[in-house]
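Chain A is the first sequence line, chain B the second, and so forth, proteins listed ahead of strands; every chain is numbered from 1.
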2 protein chains.
Amino acid sequence: MSNAIPEPVTKLIEAFSRLPGIGPKTASRLTFFLLRAPDELSKSLSDALRDLKTKTTFCTVCYNITSDHQNPCAICADNKRDSKTLVVVEEPLDVLAIERTGSYLGKYHVLHGAISPVDGIGVDDLKIKELVSRVEAGGILEIIIATNPTLEGDMTARYIQDMLNGKGVKVTRLARGLPVGGDLEYVDTVTLTRALQGRSEL
Amino acid sequence: MSNAIPEPVTKLIEAFSRLPGIGPKTASRLTFFLLRAPDELSKSLSDALRDLKTKTTFCTVCYNITSDHQNPCAICADNKRDSKTLVVVEEPLDVLAIERTGSYLGKYHVLHGAISPVDGIGVDDLKIKELVSRVEAGGILEIIIATNPTLEGDMTARYIQDMLNGKGVKVTRLARGLPVGGDLEYVDTVTLTRALQGRSEL
């Protein structure tokens with residue numbers, strides 16, 4: 001059976017199989033699709049994958065993903081945006097979800113996860129110290145916590161609230177219009193806009 | 001909104017979106033998964049994609065995919081296999097499906113598609129001339145046509161039967177144990193084995 005497929009093909013099937021949600025069947029479909037498709041398609045995918053890690057970095061201000069020649073990132077560098085307000089999110093994709101509503105014009109802080117004792121993710125694995133430093137540096141009036149409406153997101157929100165207590169900053173959280181147990185990036189823009197508008201003080 | 005994602009990230013999302021069955025949502029999930037995953041994962045995928053086209057070629061005998069340093073392919077070069085019998089399939093994945101049954105020890109011929117006027121695929125787009133040449137070169141006693149049990153597969157089978165008529169070769173087809181309208185590569189091995197055993201003369 002292994003005779004039937006040359007090594008470069010099995011290698012790509014194996015590589016695809018390591019992606020989440022892609023089983024061996026889908027992996028071989030994708031591989032054989034690319035074999036038939038124009039060279040340009042697999043080349044552009046190969047180049048984009050190579051550039052993903054080499055040409056991106058984390059913004060040294062908000063820790064969102066940015067290209068290596070733009071640090072601080074485009075949002076942090078944008079003077080038209082309100083730098084007195086920060087939305088704190090778990091992941092870069094969450095920034096995207098909020099930007100998509102078009103109803104927020106402040107800045108961000110990306111934690112890169114949420115506190116989760118089960119997964120061994122503690123306070124020091126997240127960009128919480130960095131958030132506290134930003135607040136202590138001054139100029140920020142409101143922190144809107146937009147962690148996922150899950151157990152981990154709630155724990156993280158409470159921990160951040162404690163850390164910022166007495167630092168002269170208003171700490172709010174997105175309104176509980178969010179479906180509990182859901183994932184922020186899948187929320188539709190209308191619901192997310194309402195959750196932004198109806199945010200409550202912690 | 002475009003501000004929120006740097007170019008190397010959007011480029012990869014776009015490249016993933018061009019794959020069949022992968023929409024923009026899945027494409028961005030995969031991309032952000034790779035951003036968090038170890039560098040080695042995106043690198044191995046990138047390298048495998050680059051090698052897919054540069055290190056593979058079509059076997060000059062059966063037109064199956066083979067690595068560039070093995071032509072004729074491993075199956076064609078295998079003297080232990082019966083070279084008096086050829087199974088004719090539409091795609092390289094179909095070779096794999098038949099190899100998986102373990103019940104066929106002859107050789108193959110890959111057409112690279114089936115006749116389909118709707119899709120503009122004609123006789124000259126397939127490796128049919130090459131099949132006729134192999135038969136005319138002699139030594140082949142039986143051609144087992146294993147095109148998909150679809151309208152296009154049936155048309156292709158009949159055309160091949162006509163082309164080989166009077167050339168002193170027995171032309172058979174996989175038994176109609178195959179689910180009509182299905183796709184050969186998804187058939188389970190037991191059904192496929194039975195279809196091989198119960199093949200009927202055209």
Side-chain angles (χ1 to χ4, degrees), chain A residues 1-9 11-12 14-16 18-22 25-26 28-37 39 41-56 64-68 70 73-75 78 91-93 95-96 98-100 102 112 185-186, chain B residues 1-9 11-12 14-16 18-22 25-26 28-37 39 41-56 64-68 70 73-75 78 91-93 95-96 98-100 102 112 185-186:
Chain A
M1 178 192 151
S2 62
N3 272 350
I5 330 180
E7 208 202 346
V9 178
K11 273 204 173 157
L12 183 56
E14 279 162 23
F16 270 133
R18 292 170 66 190
L19 298 178
I22 296 191
K25 205 94 211 178
T26 309
S28 63
R29 291 292 283 175
L30 292 175
T31 301
F32 282 88
F33 168 81
L34 285 169
L35 269 172
R36 269 194 303 267
D39 287 10
L41 189 53
S42 40
K43 194 180 174 308
S44 68
L45 193 53
S46 173
D47 291 349
L49 280 160
R50 191 195 54 219
D51 293 349
L52 182 70
K53 293 292 185 109
T54 55
K55 294 197 179 166
T56 59
N64 195 3
I65 291 148
T66 185
S67 60
D68 56 354
Q70 182 159 53
C73 73
I75 293 178
D78 187 348
E91 301 292 347
L93 268 182
V95 172
L96 200 60
I98 290 177
E99 285 295 284
R100 235 183 264 130
H112 290 277
E185 65 187 89
Y186 291 125
Chain B
M1 175 190 154
S2 61
N3 273 350
I5 331 180
E7 208 202 346
V9 179
K11 272 202 175 160
L12 183 57
E14 279 162 23
F16 271 133
R18 292 170 67 191
L19 297 178
I22 296 189
K25 204 95 210 179
T26 308
S28 64
R29 292 292 281 176
L30 292 175
T31 301
F32 282 89
F33 167 82
L34 285 169
L35 269 171
R36 268 194 303 266
D39 287 11
L41 188 54
S42 40
K43 192 178 176 310
S44 67
L45 193 53
S46 173
D47 291 349
L49 280 159
R50 191 196 54 218
D51 294 348
L52 182 70
K53 293 293 186 110
T54 55
K55 294 197 180 167
T56 59
N64 195 3
I65 291 148
T66 185
S67 60
D68 55 354
Q70 183 160 50
C73 74
I75 293 179
D78 187 347
E91 299 292 348
L93 267 182
V95 171
L96 200 59
I98 291 178
E99 285 296 285
R100 236 182 264 132
H112 288 278
E185 66 186 89
Y186 290 125

> For chain B, which of A:Arg36, A:Arg18, A:Lys55 has the most heavy-atom pairs under 4.5 Å?
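Of A:Arg36, A:Arg18, A:Lys55, A:Arg18 has the most heavy-atom pairs under 4.5 Å with chain B.
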> Report the option among A:His112, A:Lys11, A:Lys25 that has the most heavy-atom pairs separated by less than 4.5 Å from atoms of chain B.
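That would be A:Lys25.
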> Name the member of B:Ser44, B:Pro20, B:Ala15 that forms the most heavy-atom pairs with chain A at distances under 4.5 Å.
B:Pro20
> So which part of B:Glu91 gets closer than 4.5 Å to some heavy atom of chain A, the side chain, the backbone, both or neither?
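For B:Glu91, the contact with chain A is made by the side chain alone.
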> Who among B:Ala37, B:Gly102, B:Ser28, B:Ser46 has the most heavy-atom pairs with chain A under 4.5 Å?
B:Ser46
> Can you tell which of A:Leu93, A:Thr54, A:Ile98 has the highest number of heavy-atom pairs within less than 4.5 Å of chain B?
A:Leu93
> Minimum heavy-atom separation for B:Leu49 to A:Phe16, with atom names?
CD2-CZ, 4.4 Å
> Between A:Leu30, A:Asp51, A:Val95, A:Asp68, which residue shows the highest count of heavy-atom pairs closer than 4.5 Å to chain B?
A:Leu30
> How many angstroms lie between atom CD1 of B:Ile75 and atom OG1 of B:Thr66, to the nearest 0.5 angstrom?
9.5 Å
> Which residues pass the salt bridge (charged side-chain N to carboxylate O under 4.0 Å, His left out) test with B:Asp47, not counting sequence neighbours?
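Checked B:Asp47 against salt bridge (charged side-chain N to carboxylate O under 4.0 Å, His left out); matches are B:Lys43, B:Arg50.
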> Who pairs with A:Ser67 by side-chain contact (heavy atoms from CB on, under 4.5 Å), at least two apart in sequence or on another chain?
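A:Ser67: side-chain contact (heavy atoms from CB on, under 4.5 Å) contacts with A:His69, A:Gln70, B:Pro6, B:Pro8.
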> Would you give the length of the straight line joining atom CD1 of B:Ile5 to atom SG of A:Cys73, rounded to the nearest 0.5 angstrom?
12.0 Å
> Do you know which of A:Val9, A:Leu34, A:Leu35 has the most heavy-atom pairs under 4.5 Å to chain B?
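Most pairs with chain B among the choices: A:Leu35.
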> Under 4.5 Å from any heavy atom of chain A, what part of B:Leu52 do you find: side chain, backbone, both or neither?
both
> Between B:Ile22 and chain A, with a heavy-atom cut-off of 4.5 Å, which part of the residue counts as in contact: side chain, backbone, both or neither?
side chain
> Taking all non-hydrogen atoms of both residues into account, name the closest pair between A:Pro92 and A:Ile65 and its distance.
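Closest approach of A:Pro92 to A:Ile65, heavy atoms only: CG-CD1, 3.4 Å.
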> Would you mind checking which part of B:Thr31 comes under 4.5 Å of any heavy atom in chain A, side chain (CB onward), backbone (N, CA, C, O), both or neither?
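Its backbone and side chain both get close to chain A.
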